Amino acid sequence: MKIMSRFKCYSITLRATPRLIAVVNIALQLPRFYSVEVSESRARPKASSSNHQDIVNEFSAYCYQKDLPNAMKALDSMHKHKLWADSVTYAELIKCCIARGAVKQGKQVHHHVFSNGYEPKTFLINTLVNMYVKFNLLDEAQVLFDRMLERNVVSWTTMIAAYSNSEHKYKALQMLIMMLRDGVRPNMYTYSSVLRASEEISTLKQLHCCIIKVGLELDVFVRSALIDVYCKWGEPKAALYIFDEMGTSDIVVWNSIIGGFSQNSDGDEALNLFIRMKRTGFWADQSTLTSVLRGCTGLALLELGRQVHVHVIKFDRDLVLNNALLDMYCKCGSLKDANAIFTRMVVKDVISWSTMVIGFAQNGYSRKAIDLFEAMRATGMKPNHITILGVLFACSHAGLVEDGQYYFESMKMDFGVDPGREHYGCMIDLLGRAGKLEEATKLIHEMKCEPDAVTWRTLLGACRVHCDMDLAEYAAKKVLSLDPRDAGTYTLLSNIYANSQRWDEAAKLRRLMRDRGIKKEPGCSWIEIDKQVHAFLLGDEAHPQINAIHQELSRVIRRLKEEGYVPDTNFVYQDLEGEQMENSLLYHSEKLAIAFGILRLPKGKTVRIRKNLRICGDCHVFAKLLAKMEERSIIIRDPIRYHHFHDGACSCGDYW
DNA sequence: CTAGGGTTAG
């Protein structure tokens with residue numbers, strides 16, 4: 001049914017499509033059409049003597065041998081004798097300049113082929129335009145393009161592709177319109193380039209319609225561009241529709257769709273598609289593996305990620321792939337593996353360093369994160385805003401107020417990075433957790449960018465840690481004024497009330513939430529065992545082994561109670577939806593998942609859980625005590641922080 | 001001479 005309605009959507013748009021110029025919404029910005037002033041072209045003299053022919057031949061030979069220095073000398077000699085070679089030879093030379101980044105030489109060739117009023121063929125000018133594009137000298141490319149006597153589809157496409165990949169995407173669309181006015185028909189090259197230029201989803205849809213109209217939607221390149229761009233606009237389902245409709249596809253198209261889902265945080269669908277791809281008989285390449293790893297990262301599938309790692313070894317020198325692998329181990333809580341990868345990587349870029357800094361920080365190794373950040377600086381690698389976020393995060397995690405303030409204050413001067421919302425957020429968190437709630441509030445008011453809902457919720461979180469009722473109410477009000485439907489805020493505030501035994505207010509808030517129709521995402525925990533992922537919801541009865549799980553849970557709770565564990569009923573609201581049983585606390589999804597892990601995993605093996613909501617205080621105590629009693633580590637990844645429970649303690653230091 | 005895929009935060 002979904003597919004039908006999606007299809008319908010397209011055909012409606014198609015029927016409604018007026019003339020292209022009106023369609024693309026930007027006609028008003030069109031510049032005047034080109035006026036061409038060029039000197040008259042004359043036929044080139046052929047090399048008149050054998051001496052002249054020798055000079056040209058020598059030049060050609062150097063061009064085809066890719067001997068740039070000698071070719072340039074020979075070019076000089078031709079220039080003096082007013083001799084010209086043919087276009088293909090020049091094109092070879094220009095290719096050579098592009099490959100070596102030889103801007104100066106390229107310009108000399110440009111000058112030479114236009115000297116003495118001669119007008120090179122369209123083909124050759126196209127080559128030169130392309131050269132300037134490759135040198136990222138778009139203005140020069142444009143000047144050259146503007147003075148062309150004749151522009152063919154390649155000339156236009158070269159410029160359109162250039163602008164599509166630049167900051168001035170609207171220029172690509174303008175040029176498409178001018179191209180059509182000029183009577184030159186865009187081809188598949190043109191459309192697959194211009195698709196990237198859409199700055200609104202409606203533009204993309206209109207271009208899509210044009211493509212269907214001219215019958216180019218069957219082209220593999222156009223399709224993969226469509227798939228890619230729909231995914232970039234957060235519409236992976238539309239992309240999947242296009243994908244499924246294709247008769248043939250190649251590895252790049254598979255990579256587009258798999259990458260599309262993994263970038264839209266749908267690791268599950270990305271992995272399903274990967275399985276389909278393998279069944280179809282394609283071999284994964286670097287790009288596929290990168291996306292698959294990203295899928296594993298999102299789902300915290302360490303075992304699957306490890307299997308992918310085996311295939312990564314084939315592409316040992318691929319930096320992007322190694323970065324994805326590194327991140328997978330970090331996000332799956334396996335810092336030993338991550339560190340091993342990081343140490344082994346021969347080439348590291350700022351992303352590798354950032355990933356590792358953040359990995360240490362999120363997993364509770366604050367000192368290591370800060371040391372690594374300093375090691376990075378020592379190598380001369382320049383941190384970016386994300387690296388700095390990582391080091392601030394590390395400071396806030398460990399309560400290192402002074403270090404945090406030092407990095408925050410020096411970031412602009414030392415690294416040239418202006419603090420953004422996230423950096424302020426880290427500082428608010430740091431000050432707030434350290435109990436400096438006043439300073440945290442002051443910082444919000446001093447922010448250079450507008451505080452958003454997340455900013456205020458950070459403060460609210462700090463209020464919970466320190467039970468500051470008044471500020472909590474103030475912060476919650478701020479969050480809800482910016483994002484009235486934020487379920488987390490209602491829950492957080494109601495938990496703060498519950499913590500202070502203000503049950504009436506807690507209940508009132510729950511009621512308000514219900515009246516406003518705000519639904520909290522149901523708590524869910526996942527555990528990967530033996531190539532299978534098991535999902536648990538609160539009070540879930542659906543699992544085939546649920547009886548054994550309940551038994552195991554009762555057993556460990558009984559033993560923990562003997563050791564002094566008292567269920568903290570303040571958190572009874574955490575996962576509740578409406579009036580539920582009193583002992584619901586004992587059936588929080590993570591407790592079910594942990595019990596299942598203990599049941600199924602060999603003794604001593606780490607239990608790894610991923611969950612979609614923040615962990616509640618009771619489950620946190622439960623996991624700490626259980627890890628000690630069972631003598632095995634438990635790792636729970638919530639959407640923000642990582643909790644490594646080991647021997648009665650947690651890596652988060654009880655702040656989260 | 002012009003075209004498609006991958007990595008860090010939130």
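Throughout, protein chains are lettered first and strands after them, A, B, ... in sequence-line order, and every chain is numbered starting at 1. Remember, it's a predicted structure, so these values are computed and weren't measured experimentally.
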Classify the ring geometry of A:W254 against A:F282: parallel below 30°, tilted from 30° to 60°, perpendicular beyond 60°. tilted
Per A:I386 side chain, nearest of listed nucleotides B:dT2, B:dT8, B:dG6: B:dT8
Quick note, A:N384 side chain, CB onward, closest among B:dC1, B:dT8, B:dT7 is B:dT8
Does any donor-acceptor pair link the side chain of A:D318 with the base of B:dG6 at a separation under 3.5 Å? yes
What is the distance, to the nearest angstrom, from the CZ atom on A:F145 to the P atom on B:dT2? 15 Å
OP1 or OP2 of B:dA3 under 4.0 Å from side-chain N/O of A:R196: no
At under 4.0 Å, does any side-chain N or O of A:K348 touch on OP1 or OP2 of B:dT7? no
Ignoring hydrogens and geometry beyond distance, is the side chain of A:N126 in donor-acceptor contact with the base of B:dC1 at under 3.5 Å? yes
Which nucleotide sits closest to the side chain of A:S193: B:dA3, B:dT2, B:dG10? B:dA3
Report which part of the nucleic acid A:R457 touches: base, sugar-phosphate, or nothing (heavy-atom distance under 4.0 Å, all strands). nothing
Which of the following nucleotides, B:dG4, B:dT8, B:dA3, is nearest to the side chain of A:V252? B:dG4
Please report whether the ring centroid of A:F59 lies less than 6.0 Å from that of A:Y90. yes
Nearest-angstrom distance from the residue atom CD1 of A:I257 to C1' of B:dG6: 15 Å
Could you check whether A:D349 and A:N323, counting side-chain N and O atoms only, form a donor-acceptor pair closer than 3.5 Å? yes
Starting at CG of A:L176 and ending at P of B:dT2, how long is that distance when rounded to a whole Å? 19 Å
From the options A:I428, A:D429, A:L443, select the one residue that forms a side-chain contact (heavy atoms from CB on, under 4.5 Å) with A:T455. A:I428
Residue A:N130, side-chain heavy atoms: nucleotide from B:dT2, B:dA3, B:dT8 that is nearest: B:dT2
Touch class at under 4.0 angstrom, heavy-atom based, for A:N152 against every strand present: nothing
Do A:N323 side-chain and B:dG6 base share a donor-acceptor contact under 3.5 Å? no
Which side-chain N or O atoms in residues 380-390 of chain A pair as donor and acceptor under 3.5 Å with protein atoms at least two apart or in another chain?
residue : atom : partner : partner atom : Å
A:N384  : OD1  : A:I386  : N            : 3.0
A:N384  : OD1  : A:T387  : N            : 3.0
A:N384  : OD1  : A:T387  : OG1          : 2.9
A:T387  : OG1  : A:S354  : OG           : 2.9
A:T387  : OG1  : A:N384  : N            : 3.0
A:T387  : OG1  : A:N384  : O            : 3.4

Look at all strands and tell whether A:V129 reaches a base, only sugar-phosphate, or nothing, counting heavy atoms closer than 4.0 Å. nothing
Name the nucleic acid region contacted by A:R421, choosing base, sugar-phosphate or nothing; use a 4.0 angstrom heavy-atom cut-off, strictly under. nothing
Aromatic ring centroids of A:Y163 and A:Y170 under 6.0 Å? no
Once ring pair (Phe, Tyr, Trp, His ring centres under 6.0 Å) is applied, what residue pairs with a partner in residues 330-353 of chain A remain, sequence neighbours excluded? A:F342-A:W353
Which of residues 351-360 of chain A have a heavy atom under 4.0 Å from DNA chain B? A:I351, A:S354, A:T355, A:I358
Starting at CZ of A:R641 and ending at C1' of B:dG10, how long is that distance when rounded to a whole Å? 13 Å
Under 6.0 Å between ring centres: does that hold for A:F373 and A:Y407? yes
Could you tell me whether the phosphate oxygens of B:dG4, OP1 or OP2, come under 4.0 Å of any side-chain nitrogen or oxygen in A:K232? no
Compare the minimum distances between each of B:dA9, B:dT7, B:dC1 and the side chain of A:K95, then state the nucleotide with the smallest one. B:dC1
Of the listed nucleotides (B:dG6, B:dC1, B:dG4), which one gets closest to any side-chain atom of A:S291? B:dG6
